[in-house]
Amino acid sequence: VIALSDGVWTAGERGGNPINLLEIVQGFPITLSAKAYADDILAHAMRHEQGRPNDDLTVVVFRVGGLDVDNVRRLNMSVPIPPQVYNSWD
């Protein structure tokens, strides 16, 4: 499952070089991790925006894989928090 903000959907339009998300996603190998999917889509969007996005570029990818050896599915998630936020928690 891939969720994108409108900034990703419209990346490159103002410069006349719109992103082709279908082509990008269809080119991914099936073994690619969710993080790699998200990173690659974001990198494409940034290139189409020439490194200066006009809107936010948000990509969320959720990938369901097979069961682990113990028949339990696990969810891993990472959300970076800038120091100015977590330093204010004191």
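Side-chain atoms are counted along with the backbone in the values below, which use heavy atoms only and exclude waters and symmetry mates. None of these values were measured; they are calculated from a predicted model.
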Next on the checklist: According to salt bridge (charged side-chain N to carboxylate O under 4.0 Å, His left out), who are the partners of Asp39, at least two apart in sequence or on a separate chain?
Outcome noted: Lys35
Item to check | Contacts of type salt bridge (charged side-chain N to carboxylate O under 4.0 Å, His left out), residue Arg14, not counting sequence neighbours | outcome: Glu49
Item to check | Within 6.0 angstrom of Gln50 CD, more than 12 heavy atoms from elsewhere | outcome: no
Checklist outcome for this item: Taken to the nearest 0.5 Å, the spacing of Gln26 CD from Leu22 CG works out to 4.0 Å
Item to check | side chain to side chain donor-acceptor pair (under 3.5 Å) partner of Ser5, chosen from Thr10, Asp55, Asp56 | outcome: Asp56
Checklist entry - Which ILVMFWY residues can you reach from Val61 by hopping between side chains whose heavy atoms are under 4.5 Å apart? => result Ile2, Leu4, Val8, Trp9, Ile19, Leu21, Ile24, Val25, Phe28, Leu32, Tyr37, Ile41, Leu42, Met46, Leu57, Val59
